[in-house]
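This one's a predicted model, so the numbers in the text were calculated from it and none came from an experiment. First the proteins, then the strands, lettered A, B, ... as listed; each starts at 1.
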Amino acid sequence: MTDKPKAIVPLKTKKAAESASTRQDKSYQPQALEKKWQEKWEADKLYRAVIDNSKPKHYALTMLPYPSGDLHIGHWFSMIPPDTRARFMRMRGYNVMFPMGFDAFGLPAENAAIKDGIHPMKRTFQNIDRMRTQMKTMGAMFDWEREAISADPSYYKWTEWFFIQLYKAGLAYRKMSAVDWCPNCNTTLAREQVWGDDRHCERCGTPVIKKDLEQWFFKATKYADELLNFDGIDWPERVKTLQTNWIDRSEGASVIFKTEIGSHNVEIFTTRPDTLWGATFMVFSPEHPLVDEITTPENKAAVNEYKAQAARQTDIQRGAVDKEKTGVFTGAYAINPVNQARIPIWIADYVMMSYGTGAIMAVPAHDERDFAFARKYELPIIPVIQPEGQSEAPVLESAYVGPGIMINSGMLNGTKVNTEKGRKNPSIAAVLDWLTQQGIGKESVNYRYRDWLISRQRYWGAPIPMVHCEIHGWNPVPDDQLPVTLPEDVEWKPTGESPLKLHPTWKHTTCPVCNGPATRETDTMDTFMCSSWYHLRYLSPKYDKGPFDEAEYNYWMPVDTYTGGIEHATMHLLYTRFFHKALRDIGLTEGHEPMLQLRNQGMVLGEDGDKMSKSKGNVIAPDVLVNRYGADTVRAYILFFARWEMGAPWDSQGIEGSARWVRRVWTLFTDPTPPTTASEETKKNLRRKVHQTLKRVTRDFENFEFNTIVSSLMELMNEMYKAREAGAAGSDEWQEAQEIYLKMMAPVTPHIAEELWTNHLGKPYSIHQQGWPVVDEAATREDSIEIPVQINGKVRDKVIVPAEATEDEIKSAALASETVRKYLEGKEPRKVIVAKGRLVSIVL
RNA sequence: GCCGAAGUGGCGGAAUAGGCAGACGCGCACGACUCAAAAUCGUGUUCCCUACGGGAAUGAGGGUUCGAUUCCCUCCUUCGGCACCA
């Protein structure tokens with residue numbers, strides 16, 4: 001083992017390569033060392049998580065990847081910091097489960113199949129094998145025996161089963177509506193999957209169009225209020241805000257207006273019922289179902305022309321805020337229920353069918369849009385709120401949206417109006433009560449949030465397990481016929497219909513009710529359905545009596561820490577909360593939330609500061625880095641190079657610093673120990689630094705502050721080099737420093753820590769089964785401290801006092817200083833402030 | 001327009017509770033080792049000044065305070081989300 005290096009190498013003309021390799025025999029060789037330990041840990045099932053009631057459990061979950069085929073540096077950035085934390089929790093005595101799997105359904109594999117004919121199943125499972133191999137080089141503590149793959153029939157059987165449970169609970173329904181369609185992905189999308197000003201597809205960036213289709217939805221809106229409640233969960237404010245804005249609850253009233261002819265009830269939603277008396281016209285969305293019926297013959301032509309024009313426009317054109325308002329009169333009138341006023345009904349494209357009821361009451365005096373519209377078409381404007389202090393109704397230059405008192409509003413005249421929303425506004429509260437009492441309207445809450453559209457016209461997804469019969473309508477596939485599996489022989493054609501629909505036989509089946517001929521639903525489910533419950537499949541991925549084993553559920557759930565990208569704030573993270581609540585009501589899960597704590601990582605950008613992409617050629621391949629530096633160095637750099645929650649551009653030179661650190665640690669632990677000659681003070685200082693670092697590292701792990709963990713360890717290493725120089729090596733304090741150092745390092749760089757622990761310190765395998773060291777608070781305390789002395793806010797001197805010095809002692813020490821006396825010029829200071837243990841501030 | 005996050009050296013970033021701004025690292029400069037280079041080790045590295053010493057500085061301006069990167073107000077910039085939302 002400790003063979004003397006063959007010092008007498010004949011002549012160095014020999015070849016540089018050989019002398020280098022001789023040197024490497026005792027030097028740090030990460031590739032061999034990492035492979036050795038990874039194999040041993042796997043053979044020993046070191047990271048296998050099994051129920052153990054003697055320990056507190058910790059379920060650490062990180063978002064599962066899509067098997068794109070190659071591991072990306074972004075995967076390292078999202079997985080390694082949570083891995084180090086899971087390891088830390090394990091050393092702290094928790095029984096930790098840290099599972100991994102693949103979100104394996106989805107468009108890329110199917111699109112590739114259209115291009116080259118390779119079956120998505122084949123490609124996906126090949127990609128998974130490749131990525132799993134790559135992931136194993138990370139040295140992470142994934143429990144691979146809990147791996148779950150959403151495209152595996154043993155998994156999607158339960159995705160289908162869950163759909164049926166939701167259907168039976170009345171939470172899944174089929175409806176014809178205008179839905180968002182991505183012409184590139186050839187499928188419908190949920191509202192959450194349409195992004196940005198130009199309303200583009202979240203996946204491919206293509207602007208979406210509207211299509212009228214019959215689709216399956218989940219009744220997510222039933223949980224809107226509950227989803228706004230984040231009590232009891234520790235989630236970032238940012239995510240909570242995004243979800244809250246997405247759901248966008250607004251309080252107001254729904255009021256029924258009757259049409260003059262036909263006496264149709266037209267429901268409108270308003271957040272300003274206190275302005276009802278100022279409603280001088282109504283506006284319907286051009287798509288409103290009543291438009292055709294109420295339009296008078298002489299207005300038919302103009303209305304139809306306007307409708308056609310509106311239909312031609314894209315949502316983006318229609319949605320342009322600064323666009324001039326246009327509209328046409330239908331010839332019909334409605335009766336304002338509060339004052340029986342006869343008011344005209346117009347159609348205009350500034351009213352959207354997709355929000356509220358698609359019809360509004362227009363109050364031009366107190367709404368900017370209605371005001372602009374009324375001015376343009378010379379419609380009456382009646383003020384019903386008078387700014388306080390003004391005696392007359394104001395002449396309006398623009399809509400007045402401020403506070404005041406109600407006027408022109410019958411018996412409610414004089415009621416105060418403030419700028420609060422809902423019942424907090426006395427005028428709104430008064431009108432709500434009055435409306436209810438009169439039976440004209442009622443208090444009402446409206447949301448922007450829509451039900452979750454889950455139908456996708458694609459092949460590579462979990463089939464929607466529903467069967468349609470001419471006589472019995474839609475019925476779920478019986479449990480004993482699950483899973484409905486995907487046929488393997490399909491034609492890859494981008495037709496806009498699922499290949500399942502074009503398959504010659506697959507869709508033909510029998511009705512579960514009458515056994516007569518019936519057809520299967522040929523759409524598949526949104527892949528977000530699969531990822532809404534994967535955390536449950538990890539509990540027991542091979543279990544076949546249900547989606548999960550209850551014993552596992554009872555022990556491990558809920559998820560203690562969940563980590564992933566912020567981009568899922570209103571998609572996956574909202575879906576999975578909805579899903580959990582739905583399952584809870586069905587009686588399958590417990591508690592109100594699936595994930596107690598959430599933390600988001602930022603993004604690794606290319607070296608040019610742009611998003612990494614193959615087309616830009618700025619992609620950093622982790623495999624190359626692992627080959628060159630070893631996984632430990634890459635892990636350390638991943639932690640060190642950026643704030644985890646922020647992300648940053650990659651810096652290829654920066655990794656040299658982490659590589660240097662790892663090598664210097666290796667040298668520190670493997671170089672022969674010089675004789676121990678250090679003073680007591682040196683040893684005490686070393687011990688202090690060790691425990692101070694331990695305190696900080698412990699805190700940083702708790703707080704997900706990974707970058708400072710590595711810098712603290714670098715700092716301590718620098719101190720240890722100095723202590724060694726000062727003769728501390730070999731002392732008891734040195735021994736302790738080495739042990740604590742490796743334990744702190746173990747979560748970050750598990751391989752080198754294990755190697756040094758077992759083979760150089762001779763400690764029992766495995767370091768990863770050691771307890772986390774305990775901070776000796778007494779040891780962290782300084783004996784004496786240097787206290788800066790400020791004069792008029794500027795640091796002029798520093799005095800050294802014993803750590804336990806009283807305020808008075810510190811004060812006199814400061815006043816005794818030469819420099820201070822010079823500034824004082826014999827005068828008494830006006831004021832002396834002593835911040836104990838920190839600073840003295842003298843005011844002249 | 002509304003909501004949210006972030007602005008600190010050439011760069012990534014530090015800074016328990018309002019108390020020495022710039023830890024740690026990259027880069028750069030100089031030095032040692034080397035025939036030389038790489039690696040390694042050491043020293044220095046916010047800016048300005050007539051450099052012993054002093055002044056300025058955490059996006060800008062103001063406020064509170066003995067003292068502000070940190071608290072308050074106004075504004076600017078960047079990024080993200082929402083948006084004729086009734």
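Atom CD of A:Glu607 and atom P of B:rC26 are 16 Å apart (whole Å). In this structure, CD of A:Glu237 is placed 10 Å from C1' of B:rG4, rounded to the nearest angstrom. Rounded to whole Å, atom P of B:rA5 lies 19 Å from atom CE of A:Met603. Atom CH2 of A:Trp661 is separated from atom C1' of B:rC24 by 12 Å (rounded to the nearest Å). The separation between A:Lys240 atom NZ and B:rG81 atom C1' is 17 Å, rounded to whole Å. Whole-Å rounding puts the A:Phe257 CZ to B:rA86 P distance at 16 Å. Here B:rC24 presents its P atom at 8 Å from NZ of A:Lys722, a figure rounded to the nearest Å. Atom CG in A:Leu639 sits roughly 13 Å away from atom P in B:rA14 (whole-Å rounding).
At a threshold of 4.0 angstrom between heavy atoms, the contacts of A:Gly327 with the nucleic acid are absent. Note on A:Trp246: only backbone sugar-phosphate atoms sit closer than 4.0 angstrom, heavy atoms only; bases stay farther off. Nucleic acid contact class of A:Arg191 (heavy atoms, under 4.0 Å, all strands): sugar-phosphate only. Nucleic acid contact class of A:Arg830 (heavy atoms, under 4.0 Å, all strands): none. Counting non-hydrogen atoms under 4.0 angstrom, A:Asn718 reaches the backbone sugars and phosphates but no base. Note on A:Gln790: a base of the nucleic acid sits closer than 4.0 angstrom, heavy atoms only. Heavy atoms of A:Ala835 sit under 4.0 angstrom from at least one base atom. A:Gly196 comes within 4.0 angstrom of sugar-phosphate atoms only, judged by non-hydrogen atoms across all strands, and of no base.
With sequence neighbours excluded, the residues satisfying side chain to side chain donor-acceptor pair (under 3.5 Å) with A:His572 are A:Tyr562. Scanning for side chain to side chain donor-acceptor pair (under 3.5 Å) contacts around A:Trp76 gives an empty result, with sequence neighbours left out. A:His288 pairs by the ring pair (Phe, Tyr, Trp, His ring centres under 6.0 Å) definition with A:Phe284, not counting sequence neighbours. Every residue two or more places apart in sequence or in another chain that forms a ring pair (Phe, Tyr, Trp, His ring centres under 6.0 Å) with A:Phe373 is listed here: A:Phe281, A:Trp346, A:Tyr350, A:Tyr377. Shown here are the side chain to side chain donor-acceptor pair (under 3.5 Å) partners of A:Glu607, two or more places apart in sequence or in another chain: A:Ser652. For A:Thr326, the side chain to side chain donor-acceptor pair (under 3.5 Å) partners two or more places apart in sequence, or in a different chain, are A:Tyr306. Residues meeting the side-chain contact (heavy atoms from CB on, under 4.5 Å) test with A:Ala803, sequence neighbours left out: none.
Note on residues 717-726 of chain A: pairs passing side-chain hydrogen bond (donor to acceptor under 3.5 Å, both in side chains), not counting sequence neighbours, are A:Arg664-A:Asn718. Screening residues 271-281 of chain A for salt bridge (charged side-chain N to carboxylate O under 4.0 Å, His left out), with sequence neighbours left out, gives A:Arg272-A:Asp274.
Not one side-chain nitrogen or oxygen of A:Arg660 sits closer than 4.0 Å to the OP1 or OP2 atom of B:rG25. Regarding contacts with the backbone of B:rA14, a side-chain N or O of A:Arg643 is found under 4.0 angstrom from either OP1 or OP2. For B:rG18, the OP1/OP2 oxygens have no side-chain nitrogen or oxygen of A:Arg838 closer than 4.0 Å. OP1 and OP2 of B:rC84 both lie 4.0 Å or more from every side-chain N or O belonging to A:Lys325.
Salt bridge status for A:Glu237 with A:Lys240: present, with a side-chain N to carboxylate O gap under 4.0 Å.
Near RNA chain B, meaning a heavy atom under 4.0 Å away, the residues from residues 701-711 of chain A are A:Asn707, A:Thr708, A:Ser711.
Place A:Trp195 and A:Glu786 on RNA chain B by their nearest nucleotides, and A:Glu786 ends up nearer the 5' end. Of the residues near RNA chain B, A:Leu242 and A:Ile833, the one whose nearest nucleotide (by heavy atom distance) lies more toward the 5' end is A:Ile833.
The aromatic rings of A:Trp235 and A:Phe230 sit tilted, their planes meeting at an angle between 30° and 60°.
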- Item | nucleotides 56-63 of chain B: protein proximity per nucleotide (B base, S sugar-phosphate only, - neither; heavy atom, under 4.0 Å) | S-------
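Among B:rA83, B:rA86, B:rC24, the nucleotide with an atom closest to any side-chain atom of A:Glu715 is B:rC24.
Side chain A:Arg663 to base B:rU40: no donor-acceptor pair is found below 3.5 Å.
In a base pair of the Watson-Crick type (N1 to N3 plus N6-O4 or O6-N4) or a G-U wobble (N1-O2 and O6-N3), with each distance short of 3.5 Å, B:rA14 is matched with no nucleotide.
Spacing of P atoms, B:rG18 relative to B:rG9, comes out at 23 Å, to the nearest Å.
Checked by atom type, the side-chain pair A:Thr570/A:Glu192 shows no donor-acceptor distance below 3.5 Å.
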Do any N or O atoms of the protein come closer than 3.5 Å to N or O atoms of nucleotides 29-31 of chain B, and which pairs are they?
none

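Screening A:Asp225, A:Asp248, A:Thr221 against A:Tyr447 for a side chain to side chain donor-acceptor pair (under 3.5 Å) leaves a single residue, A:Asp225.
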